[in-house]
Each structure stands twice: as structure tokens, then as C-alpha cells.
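A short worksheet on the structure shown next.
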2 protein chains.
Amino acid sequence: MGKELFTESIRRHVGITDEEIDSVWSLGIERRVKKGQYIIHNGTVAKKTCFISSGTAVGYFIDTKGEEYLIQFGFDGWWISDISSFLKGTPALLNVQAIEDTLVYEFSSEAISEAFEKAPSFQSYFLAITQNAFASFQARTLNNLSMSAEERYVDFCNKYPQVSQKLSQKWIASYLGISPESLSRLKSKLLKS
Amino acid sequence: MGKELFTESIRRHVGITDEEIDSVWSLGIERRVKKGQYIIHNGTVAKKTCFISSGTAVGYFIDTKGEEYLIQFGFDGWWISDISSFLKGTPALLNVQAIEDTLVYEFSSEAISEAFEKAPSFQSYFLAITQNAFASFQARTLNNLSMSAEERYVDFCNKYPQVSQKLSQKWIASYLGISPESLSRLKSKLLKS
DNA sequence: AATTTGACTTGATCCATGTTAAGTTTAAAG
DNA sequence: CTTTAAACTTAACATGGATCAAGTCAAATT
């Protein structure tokens with residue numbers, strides 16, 4: 001069950017009663033997603049935002065040349081969606097895909113609104129995690145502007161030490177904005193020095 | 001007075017009564033900032049988030065070499081701060097500076113909390129604008145990863161047509177992640193074609 | 001065990017953008 | 001009005017990282 005993790009994630013940010021947790025939790029729909037399956041498909045409207053109970057998912061963009069760009073990833077206890085699509089009802093730019101067997105709890109925008117009404121502190125929680133997500137994208141933008149590929153890689157490894165195990169080098173390179181070949185060279189250079 | 005703009009900005013996202021607007025508005029502190037003055041200084045804690053009533057401000061990072069990187073900018077009706085610092089109470093990474101005479105309304109975190117209590121729909125508004133800010137940083141990350149400098153510049157001009165007048169080329173180049181010289185070259189190339 | 005497939009490495013070459021530096025235009029300040 | 005400084009342009013040269021192409025290695029499939 002993912003409810004403990006869900007509760008813990010909320011209580012890390014706000015005070016909330018067990019009853020409120022129950023009423024919010026009951027609005028989510030459990031879905032088991034096999035490795036390789038899509039959670040959100042680009043071009044369709046993202047009708048759900050997902051709480052990841054276990055597993056790993058990536059959210060990436062594909063350009064006209066078929067090149068893939070990793071925008072976000074998520075593990076146990078993170079939320080994942082295409083937020084622009086979810087909020088505005090526009091077609092998703094991102095594919096969100098499980099890269100291992102993953103258990104998610106899906107919340108529609110109606111479910112989220114209802115949760116906000118039933119448990120106002122859930123809205124405070126939602127604001128807090130959105131602010132965190134905003135801050136981390138801002139930090140990523142800052143890194144992209146001010147750091148070399150090597151510095152970004154070192155920073156990435158420090159920030160997400162567990163990630164190197166779960167994500168392939170292709171995805172990490174894509175997240176950093178470099179080619180897999182460059183990442184490979186860069187790693188061997190770092191090992192030598 | 002900036003109250004009309006403030007009201008309009010909120011009502012674009014949520015329903016709110018005049019009384020609620022009044023109670024929120026009264027929590028803000030008016031401050032006139034002259035061109036060149038700082039709104040937030042890097043290294044100090046950002047104690048305020050600011051609603052810009054008129055004028056223009058930039059938020060930028062300075063690296064160890066003294067190089068400046070434009071992270072965000074704001075005009076009439078936008079909010080600006082160093083969000084990470086404001087939320088976590090850590091020293092600000094950004095300088096926020098007026099680049100023309102600017103009128104802002106400052107809200108401390110206590111003021112924001114009080115506003116959320118007095119006017120719950122103000123919290124919904126705050127969530128909505130934070131989600132928008134998140135989405136636009138995500139889009140910027142996507143552009144940085146997938147587009148050439150020239151494509152990013154064209155996209156920037158389309159997205160913020162009024163900006164080229166207000167921001168110097170140095171700031172625009174910095175925002176796009178290229179040198180001012182490259183932007184100059186790129187512009188003359190675009191004019192020819 | 002043999003084969004296919006995907007992930008990673010390594011080398012050669014190329015190009016977009018950075019860097020340095022000089023010159024020009026514009027705007028601010030005395 | 002003059003001076004100074006900042007913003008912008010242009011050119012020559014340097015370089016980080018991309019691209020193209022082979023090759024290695026390990027895991028999955030038959």
C-alpha cells in the first residue's frame with residue numbers, strides 16, 4: 001500500500017488529520033504500470049497527475065527529428081504529470097513512461113479540486129510541492145546557464161546520488177543537455193583525474 | 001495606485017470578493033524603487049515577495065567569475081522574488097534589481113500566511129500563479145535542451161514581444177544562455193535572411 | 001552455445017558558440 | 001556642449017561538445 005508514503009509526504013509539509021488523509025486518498029485511483037508502458041502520451045490531454053508509490057518514471061519530450069529530451073523523472077513519493085497539459089487542458093508535450101514496474105495513484109483535476117475542498121491543508125501541501133518543483137527547475141536553469149557539462153554532471157550526481165543506478169546513461173546525458181558520447185568521455189576523464 | 005492591477009491579476013484566476021481583496025491588499029507594503037536599486041540582495045535572506053505595480057525588474061545570478069545570468073524578469077502585474085530563499089529562509093542566490101523606476105508591493109511570509117487565512121481564494125490564486133511559473137520554467141528548460149540559440153531567440157521574441165524594448169541585449173543574451181556578441185551576430189543574420 | 005539487442009566507449013572530424021580585441025554608436029553625466 | 005562610459009557591432013581565432021562511425025561488452029532470446 002502506498003498510503004503510508006502518501007501520508008508521510010503530506011505531513012512533511014503540513015499538519016493534516018487522519019480523516020482528511022482518508023478523504024483525499026480515497027479520490028486517487030491505483031494503477032499498476034509495467035516497465036515501458038506510458039502513463040501520459042504526448043499529443044493527448046493529461047487528465048491525471050500521479051503520485052508514485054513505487055517504481056520509476058521519466059517525462060521526456062521528442063522533437064521533430066525524433067531526439068528525446070529528459071525533462072523530469074520521479075521515484076517513490078514524487079508526483080509526475082505534464083503539468084501544463086493537466087492545468088490548461090492542452091495536448092501534452094511530454095511522454096511520461098515507466099522505466100520499471102511502477103505503482104501510481106492517479107488524481108483527476110476534479111479529484112484534486114474535491115480534495116482541496118475536503119482538506120484545505122491538502123491545498124497548502126500542493127502549493128508547497130509546486131513551489132519546490134518550481135525552485136528546482138529554476139536551479140536547473142541556473143546550472144544550464146552557468147556551468148560546463150562536467151560541472152553539471154558532478155552536481156547532478158551529488159544532488160541525486162541514487163539516480164545513476166536507476167537511469168541509463170542515455171537519460172542522464174539527455175537530462176544534462178549533452179550527448180551520451182560526451183557523457184561517456186566526461187566520466188572517463190573524471191575517473192583519471 | 002496598483003490595487004486595480006492587483007485585483008485584476010487575482011480575478012483572472014479565481015473568484016474573490018472586494019472585502020477579501022481589501023484584506024489581502026492591506027497586508028502589502030508599498031515601496032518605490034529607483035532605477036538600479038536592489039529589491040533583493042544576494043547573500044541575504046529574501047524576506048519579501050513583491051507584486052510589481054509598475055516598472056521592470058530583473059533577477060539574476062552572479063558566478064564566481066563575476067559573470068551574470070538572467071534567471072527571471074518582471075513587469076507590471078508580475079510577482080518577483082528569490083523563491084527558494086523566501087520559502088526556505090536560506091540566503092538568496094539571486095540579485096533582484098529594478099532596471100527602471102519601479103513601484104512594488106512587498107509581502108512578507110507572515111503577510112502571505114495571513115492573506116491565505118483571511119482569503120482562502122488568495123491561496124488558490126497563489127497556487128495558480130506558482131503553477132504557471134513552474135510551467136514556464138519547464139518550457140524554458142525544454143527550449144534550452146532542444147533548440148539552437150537562433151531558435152531560442154525567435155521563440156523569445158514571439159513569447160515576450162514587448163521585452164526587447166525594455167531589456168538590453170546583454171540581458172536577453174544572458175537569458176538565452178549565449179554571449180552578447182553571439183546575439184548580435186545572430187540578429188544581423190536574421191535581418192539579412 | 002549462438003545470436004541478437006541495447007548500453008557504453010573511443011577516435012576522427014566538424015561546427016556553433018565562446019573569447020579576445022578593436023571600433024562604432026548611443027546615452028548619461030558633468 | 002563636451003566628456004565619459006556603457007551598449008552594440010564586427011572580425012579573427014579558439015574550443016567544447018556534436019556528429020559520424022567502429023568497436024566492445026553484457027544481458028536477453030532462441
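Just so it is clear: chains get the letters A, B, ... in the order the sequence lines come, proteins before strands, and each one is counted from 1. Everything quoted here is computed from the prediction, not taken from an experiment.
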- [ ] Calculate the interatomic distance between A:E181 atom CD and C:dC14 atom P; express it in whole Å.
- [x] 17 Å
- [ ] Take the protein atom NZ of A:K189 and the nucleotide atom C1' of C:dG11, then report the distance between them rounded to whole Å.
- [x] 17 Å
Open item on the list: Side-chain heavy atoms under 4.5 Å apart, restricted to Ile/Leu/Val/Met/Phe/Trp/Tyr: what other residues fall into the cluster of A:V96, or is it alone?
Closed with: A:V33, A:I39, A:I40, A:I52, A:I80, A:V104
Open item on the list: Among residues 151-180 of chain B, which ones have heavy-atom contacts with DNA chain C below 4.0 Å?
Closed with: B:G177, B:I178, B:S179
TODO: Measure from the side chain of B:S182, starting at C-beta and using heavy atoms only, and say which of C:dA21, C:dG18, C:dT9 lies closest.
DONE: C:dG18
TODO: Check whether more than 12 heavy atoms from other residues, nucleotides or ligands sit under 6.0 Å from atom NZ of B:K166, and answer yes or no.
DONE: yes
Open item on the list: Reading DNA chain D in the 5' to 3' direction, which nucleotide is the first one with an atom under 4.0 Å from a heavy atom of chain B, and which is the last?
Closed with: D:dC8 to D:dA12
- [ ] Could you tell me whether A:R31 and A:E106 have a side-chain N and a carboxylate O separated by less than 4.0 Å?
- [x] yes
Open item on the list: Tell me every residue that passes salt bridge (Lys or Arg N to Asp or Glu O under 4.0 Å) with A:E30, counting only those two or more places apart in sequence or in another chain.
Closed with: A:R32
Task: Partners passing side chain to side chain donor-acceptor pair (under 3.5 Å) against A:K3 (at least two apart in sequence or in another chain) - done: A:D22
Open item on the list: If hydrophobic residues (ILVMFWY) are linked whenever their side-chain heavy atoms come closer than 4.5 Å, directly or via other members, who joins B:I29 in its cluster?
Closed with: none
TODO: Quickly work out the B:N144 CG to C:dT17 P distance and round it to whole Å.
DONE: 12 Å
TODO: Please state how far atom CD1 in A:I99 lies from atom C1' in C:dA7, giving the value in whole angstrom units.
DONE: 14 Å
Task: Length of the line joining B:R185:CZ and C:dA16:C1', which is rounded to integer Å - done: 10 Å
Open item on the list: As an exercise, state the distance from CD of B:Q138 to CG of B:N143, rounded to the nearest 0.5 Å.
Closed with: 11.0 Å
- [ ] Taking the six-membered ring for Trp and the full ring for Phe, Tyr or His, determine whether the centres of A:F6 and A:Y105 are under 6.0 Å apart.
- [x] no
TODO: Determine the sole option in A:W171, A:Y69, A:F73 for which the side chain to side chain contact (heavy atoms under 4.5 Å, CB included) test with A:Y60 is passed.
DONE: A:W171
Task: side-chain hydrogen bond (donor to acceptor under 3.5 Å, both in side chains) contacts in which one or both residues fall within residues 74-87 of chain A, not counting sequence neighbours - done: A:W79-A:Y125
Task: Terminal helix-axis angle for the helix from C:dA1-D:dT30 to C:dG30-D:dC1, with five pairs defining each axis and rounding to 10 degrees - done: 50°
Open item on the list: Could you list the cluster mates of A:V45? Members are the ILVMFWY residues connected by side-chain heavy atoms closer than 4.5 Å, either directly or through other members.
Closed with: none
TODO: Using a 4.0 Å cut-off on protein heavy atoms (strictly under), produce a 5'-to-3' string for nucleotides 25-30 of chain C with B for base contact, S for backbone-only sugar-phosphate contact, and - for none.
DONE: ------
Open item on the list: Under a 4.0 Å threshold between the charged nitrogen and the carboxylate oxygen, would B:R140 count as salt-bridged to B:D155?
Closed with: no
Kindly list each side-chain donor-acceptor pair under 3.5 angstrom involving residues 113-121 of chain B, sequence neighbours excluded, with atom names and distances?
residue : atom : partner : partner atom : Å
B:S113  : OG   : B:S109  : O            : 3.0
B:E114  : OE2  : B:K118  : NZ           : 2.9
B:S121  : OG   : B:G15   : O            : 3.3

Task: Value in whole Å for how far the C1' atom of C:dG18 lies from CG of B:L186 - done: 14 Å
Task: Nearest-nucleotide pick for B:A149, side chain only, options being C:dT17, C:dT19, C:dT10 - done: C:dT17
- [ ] Would you mind telling me which of C:dC8, C:dT17, C:dT20 lies closest to the side-chain atoms of B:S148?
- [x] C:dT17
Task: ILVMFWY clustering at 4.5 Å (side-chain atoms), partners of B:M147 - done: none
